[in-house]
Amino acid sequence: MQTSAVSNSINTLQTDFLPLQGTDYVEFYVGNAKQAAHFYKTAFGFQSLAYAGPETGVKGKASYAIRQNKLTFVLTTPLTTDNAIADHVYKHGDGVKFLALKVEDATDAWQQTTKRGGRSYMEPLTMQDEHGELVMSGIHTYGDTVHLFIERKNYQGVFMPGFVKWESQYNPTETGLLYVDHCVGNVGWNQMNKWVKFYEDVMGFRNILSFDDKDISTEYSALMSKVMSNGNGYVKFPINEPAEGKKKSQVEEYLDFYNGEGVQHVAIATHNIIETVSELQRRGVEFLKVPGSYYDTVLDRVGQIDENLQPLKELGILIDRDDEGYLLQIFSKPLEDRPTLFFEIIQRKGAKSFGKGNFKALFEALEREQAIRGNL
Ligand code: FE2
C-alpha cells in the first residue's frame with residue numbers, strides 16, 4: 001500500500017541499479033529503550049515484536065523492535081559507557097541512527113553503492129539462526145546516519161537473528177499507522193546539493209521536487225528543500241538545508257541541538273487521519289497548531305474535499321492539493337526534550353507532493369514554539 005510509482009520513473013529507460021522494496025525499519029538510538037518502547041506502544045499503538053539484549057546473547061546494548069502494520073521501529077540503548085551507541089546518544093540525544101531499506105540482494109546493494117562512491121558502514125554480513133539467514137550491509141549518509149540494506153528473503157524468524165519474540169502483557173490498541181511515507185534529513189549550510197548528488201550518484205535516486213527560500217520563508221526564517229525519490233517511488237527522502245533569514249531558522253535550531261546533520265521527521269501514512277490523530281491526541285501526543293484562521297480560507301485554496309472541515313479544524317489537520325489530488329497532514333511536536341526529531345502523520349488522497357501550500361502557516365507555528373524555547 002505504498003504510494004504508486006512516481007511518474008516518468010527512471011526505470012522505464014534504464015535498469016534501477018538499487019531496486020528497493022521499501023523501508024524495512026527505522027532504528028533509533030535512545031537513552032532508555034525500555035521506556036521509549038513503552039512510550040511508542042502507549043502513545044502511538046505499536047505492538048511488541050522482538051527483543052535483543054544480554055539475555056539473548058547480544059552484548060553491550062538492548063534493542064526493542066515494535067511494529068504497527070508495515071511500520072517497524074527498533075529502539076536501541078547502550079548498556080555501558082565505553083560504547084559507540086553511548087557516544088551517539090551523548091552527542092545527539094535520542095535520534096534516528098538507521099534508515100534500513102529492504103532489498104532483494106544486500107550484497108549487490110552494497111557493491112553497487114560503494115563502487116559509486118558510497119562510504120561503507122558495514123560489508124555484507126550473513127546472520128543465521130534456526131529461522132534462516134538474513135543478510136545486512138550498510139553505507140553512511142548525512143551526519144552519523146546510516147542506510148542499512150536488509151535482505152530477508154531466506155529468513156522466517158520474527159525479526160532478525162539475535163532477537164527473540166517479545167511477549168508482553170501490555171498491548172495497547174493500534175492507531176492506524178501504516179508505513180513510512182517519507183523521511184526527511186536536515187543537512188548543514190550549503191550541503192543540500194552535495195547530498196542530492198549523493199542520492200543521485202550513489203543510490204540512483206532522482207530529484208522529483210524542489211523548494212527554495214522563496215517558497216519556504218516567513219518573516220524570520222527560511223529553508224530550502226529537495227525531494228529525492230528512488231526509481232519505484234517507494235522510498236522518498238526530502239533534504240533540507242537552512243537559508244538566510246532575519247532570525248535563526250528551524251533547521252539551524254535542529255542542527256544546534258542535534259549537534260549535526262540528521263533525520264528531522266519521519267512521515268507516517270494512515271488511511272483515516274481524523275481517527276488516527278483523534279486517538280493520538282487522546283493518548284497525549286502533542287501536535288503543532290496553526291491559527292484557527294487557517295481554516296477560514298483553506299477550501300478556497302484546495303477546493304472540495306471529502307472530509308468535514310470541523311473535525312480537521314478541531315484537530316489541527318492541514319490540507320494541500322496538487323495536480324493529482326489532495327493530502328491531509330499534521331506535524332507532532334518534538335518527540336524528545338531536544339527540539340530535534342518529530343513525526344508527520346499524512347493521509348494521501350491522490351496527491352504525491354509534500355504540503356508546500358502549508359509551509360508558511362506551519363513554519364509560523366514552528367517559530368512560535370522556537371520563540372518559547374528562546375531559540376528564535
Ligand atoms: Fe514531510
Side-chain angles (χ1 to χ4, degrees), residues 2-3 6 22-23 26 44 71 73 95-96 99 141-142 145 177-187 192 195-196 199 205 207-212 215-218 221-230 233-243 249-251 253-254 258 261-270 273 276-277 280 285-290 294 302 315-322 324-335 339-367 369:
Q2 302 272 8
T3 50
V6 172
T23 303
V26 179
F44 288 92
L71 182 63
F73 285 174
V96 173
L99 292 171
T141 178
Y142 48 78
T145 317
L177 303 180
L178 297 174
Y179 55 83
V180 174
D181 183 277
H182 61 275
C183 220
V184 180
N186 279 341
V187 301
M192 182 175 66
W195 290 107
V196 165
Y199 281 105
F205 281 41
N207 176 211
I208 57 166
L209 276 173
S210 298
F211 310 102
D212 64 19
D215 297 315
I216 316 182
S217 68
T218 64
S221 68
L223 67 81
M224 294 189 282
S225 189
K226 288 190 177 177
V227 180
M228 305 306 295
S229 172
N230 82 316
Y234 286 2
V235 178
K236 290 187 280 302
F237 294 141
I239 301 165
N240 296 331
E241 75 170 27
S249 81
Q250 51 167 298
V251 178
E253 187 196 34
Y254 175 100
Y258 197 70
E261 303 178 337
V263 173
Q264 180 209 38
H265 75 265
V266 179
I268 303 168
T270 172
I273 197 166
T276 294
V277 173
L280 294 176
V285 179
E286 297 179 314
F287 292 93
L288 288 177
K289 286 278 184 169
V290 295
Y294 170 92
V302 303
L315 294 165
I317 293 165
L318 309 174
I319 314 156
D320 198 24
R321 184 178 285 278
D322 63 22
E324 295 172 87
Y326 69 96
L327 62 81
L328 304 160
Q329 62 185 170
I330 191 168
F331 297 84
S332 80
K333 292 188 179 181
L335 294 154
T340 53
L341 178 76
F342 60 88
F343 288 166
E344 171 183 350
I345 310 296
I346 184 167
Q347 181 180 4
R348 293 186 179 278
K349 303 196 84 166
K352 296 199 180 105
S353 52
F354 296 83
K356 175 178 159 181
N358 291 320
F359 286 171
K360 193 172 166 62
L362 189 67
F363 294 163
E364 285 168 352
L366 270 168
E367 283 164 12
E369 301 275 322

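In each ligand, atom 1 is the first atom listed, and ligand 1 is the first ligand listed. Treat the numbers as computed from the prediction; the structure is a model and nothing was measured.
- Side-chain contact check for V227 versus F211: some heavy-atom pair is nearer than 4.5 Å.
- Using cut-offs of 30° and 60° for the angle between ring planes, the F343 and F44 rings count as perpendicular.
- Note on the Fe ion (ligand 1): protein N, O or S atoms under 2.8 Å away count 3, no waters included.
- With contacts defined as side-chain heavy-atom distances shorter than 4.5 Å, the pair Q264/F342 qualifies.
- Between I317 and F287 the shortest side-chain heavy-atom distance does not fall below 4.5 Å.
- With a 4.5 Å cut-off on side-chain heavy atoms, E369 and Q250 do not count as touching.
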| query | Does the pair V263 and L341 meet the rule for a side-chain contact (heavy atoms from CB on, under 4.5 Å), with working shown? | reply | CA-CA 7 Å; V263 173; L341 178 76; 3.9 Å; yes
